[in-house]
Amino acid sequence: MSVPVIALQDLRKRYGGEGGGAPSVEVLRGISLQIHAGEFVAIVGASGSGKSTLMHLLGCLDQASSGSYHFNGQDVASMDADQLAWLRREAFGFVFQGYHLIATESACENVEVPALYAGLPEAARRARAQQLLQRLGLGDKLQHRPHQLSGGQQQRVSIARALMNGGQILLADEPTGALDSHSGTEVMALLHELADAGHTVILITHDRAVAAQARRVIEIRDGQIVADSGRLQAKSASGAGKTNASSYQNNSKSTRQTERRVLWAELRDALRAAWRVMAANRFRTALTLLGIVIGVASVIVMLAVGTGSQQKVMADMATFGAKAMYVSAMQGSSRDRAAPLTLADAATIRLLPNIQSVAPYIEGRLVVRRGNIDHQTEVGGATTDFSEALSWPLAEGVWFDAADEQRLAKVAILGQTVRKALFADGSSPLGQDILVEGVPFQVIGVLAAKGASGGDDQDERVVVPFSAASARLYGHPNPGWISVLIRDMDQASATGDAILASLAETRGAKDVRLWNQAESIRVQGETERTMTLMLGLIAAISLVVGGIGVMNVMLMTVRERTREIGIRMATGARQRDILRQFLTEAVLVTVVGGAIGVALGLALGAVLLALGVPVVFSLSAMLGAFGCAVATGIVFGYTPAQRAARLDPVVALASE
Ligand code: ADP
Ligand code: MG
């Protein structure tokens, strides 16, 4: 005697009773039954007698309250969720009264679903699905959606799906219930054919005439078997190869390659499904995307503009070094003139802490001449500290030294613009004489080019020793400004205060002005940091808002597609397959949103750039914003996906 494929012993199923308020109802009351491979069994009974409940138990979609169910000799109660999914996938094929096709997929894709979870390569999958549909007379309807097919055709599609992975045991619950008599006859003929080909067919019906067509009829009433025509010994165990549940162990270990293929196939299937859902609900999708798009785009634009303006300010300021300060006398009114700066003031500053160097500068606009070329320019008297204090090196030649300073030496250093004006012939200015206000000065050096700062050409300049400028050119010893270089940037503010305080004391009045470039750069840096923090906050908020949108839509999707989830589970999807699918959908939304956001950010930045706003794009900001968007999809998509994966197959299938 062979082992029965299905052996039930005193199987019971109870609904309710556990705290839910509803009284406990025993729907199946002790079913004992054996079905062997190759049998064609009809289970007949009135509506409400428990037939569907029994079928769900047989197909491992649901668990019994008590009693035992052995499949090929192995206790089903000992199997975990993945093993049950494997049984549904490899051993059973379901045919439902309501067809249960996935509405958004074509006939061919619907038939392929079970093979997808079995890891059949795409080409083989497609070929087999087409072959099955052709065999069932639907060769010309491969690309039709379920709603484009008649009931009989849909039922044939679902039979093809049941056969996709072999379908050794076909479980058909009222397969003709929703069909007209002609289509019903066709479907019954098909089941006959399959039974003859060796499939075990379990047909559930309330219709005695339909049941009578099976080789064995089991009658069920109020959850109990009341009649069993018994097994025909004829040509039973001949048929299709067995599905031994214990082979699951081997199978699950079999190949990592298969697993990877399943992963990839599922990913593509999930992407395709996600894309269709997004396309079918365009408006909703657009709204969901909007949050992500705005978040990503705003981060990119704001950072680009922030970086751009920061770099511009820094570049402007860096002209004279970041650690510089300038002291000048206040203008005062014409009646109450402020006292000019003196060299004593420079000496006072030099004694303060955190001072690197102090360079007084006496200035005015004068005419310089070489040969017959006259050129009006800024002529400054400076001490030997000039170069260091203003971070301004020479391009060629040498600086004047303390001795030159002492003896009021008539030596000059030219700025690049002056050099170009006076030595347009390209000859070297070094060692040559020029006239400054008629006084001959010998050129000993040329300053490095500085460019424009604050709208002034800094290279429009001649520098001579302070003493010489004071005595020979201007006739007074008062510097126009004093340039100060500090050591420690962090104390810029304190040093500035100290300078003002000590000058107020020595001069007896608060009549100098300090331009604290070091401090403004430091403040700028701090502002920048605060800005970055704010931007980060805005980005985080908009991404969270976007994420909530994604989560909301995913929860809606899961609710709307509960039946699809049930169908996928009935055809063998594991929990993790479902989880993966919905997570993929969530991530797809955020990937698309992130990509659009990056594009939009770039476009807005380009527009600003065209309008003259300094914009500096940063790749890391773009990648970061995009990455955050995708991470949001994973974080906020997980809960809905998990909710989908944990659905009970029977409950999911029953939902509308
Ligand atoms: P059939 O398929 O024979 O018409 P079912 O197996 O669908 O009958 O249902 C048998 C009985 O079990 C019915 O009385 C039905 O109301 C009850 N039932 C089915 N599913 C549930 C459920 N999830 N919760 C409570 N009662 C249920
Ligand atoms: Mg039913």
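Both counts, for ligands and for their atoms, begin at 1 and track the order of listing.
- Under the 3.5 Å distance criterion, the side-chain polar atoms of Arg161 are left unmatched by any main-chain donor or acceptor of Val113.
- Counting only protein atoms, the N, O or S atoms lying less than 2.8 Å from the Mg ion (ligand 2) are Ser52 OG, ordered by chain and residue number.
- Remark: the backbone N or O of Arg29 is not paired with any side-chain donor or acceptor of Lys13 at under 3.5 angstrom.
- Look at Arg284 and Glu560 and you find a salt bridge, because one of the NZ, NE, NH1 or NH2 atoms lies within 4.0 Å of a carboxylate O, short of that distance.
- By the 30° and 60° cut-offs, the orientation of the rings of Phe71 relative to Tyr69 is perpendicular.
- Shown are Leu191, Ile159, Thr205; of these, the side-chain contact (heavy atoms from CB on, under 4.5 Å) with Pro175 is made only by Leu191.
- Summarising the contacts of atom 13 (C) of ligand 1 with Gly48, Gly223, Gly50, Ser52, the nearest heavy atom is found in Gly48.
- Of all the listed residues (Lys51, Glu174, His56, Arg14), Lys51 holds the heavy atom that lies closest to atom 3 (O) of ligand 1.
- Residue Leu54 has no nitrogen or oxygen atom sitting less than 3.5 Å from a nitrogen or oxygen atom of ligand 1, judged on distance alone.
- For the side chain to side chain donor-acceptor pair (under 3.5 Å) test with Asp577, the passing option among Arg574, Gln581, Gln575 is Arg574; the others fail.
- Residues Arg135 and Glu193 are not paired through a salt bridge, judged by the lack of any N-O separation under 4.0 Å between the basic side chain and the carboxylate.
- When heavy-atom distances to ligand 1 are checked against a 4.0 Å cut-off, Val27 comes that close only through its side chain, counted from C-beta outward.
- Using a cutoff of 4.0 Å between basic side-chain nitrogens and carboxylate oxygens, Glu112 and Arg268 are not scored as salt-bridged.
- Checked against Glu39 for a side chain to side chain donor-acceptor pair (under 3.5 Å), the options Arg215, Arg216, His199 give a single hit: Arg216.
- For the atom pair Leu190 CG and Leu170 CG, the distance stands at 9.5 Å (nearest 0.5 Å).
- In terms of protein heavy atoms, atom 9 (O) of ligand 1 is closest to Thr53 OG1, 3.8 Å.
- Here the heavy atom of the protein found nearest to atom 27 (C) of ligand 1 is Tyr15 CD1, 3.2 Å.
- At a distance under 4.0 Å, a protein heavy atom can be found next to atom 22 (C) of ligand 1.
- Applying the 6.0 Å contact sphere to CD of Gln148 captures more than 12 heavy atoms from other residues, nucleotides or ligands.
- The shortest heavy-atom distance from Gly16 to ligand 1 is not under 4.0 Å.
- Within the 4.0 angstrom cut-off, atom 16 (O) of ligand 1 has no protein heavy-atom neighbours.
- By the 4.0 Å heavy-atom criterion, Ser47 is counted among the residues contacting ligand 1.
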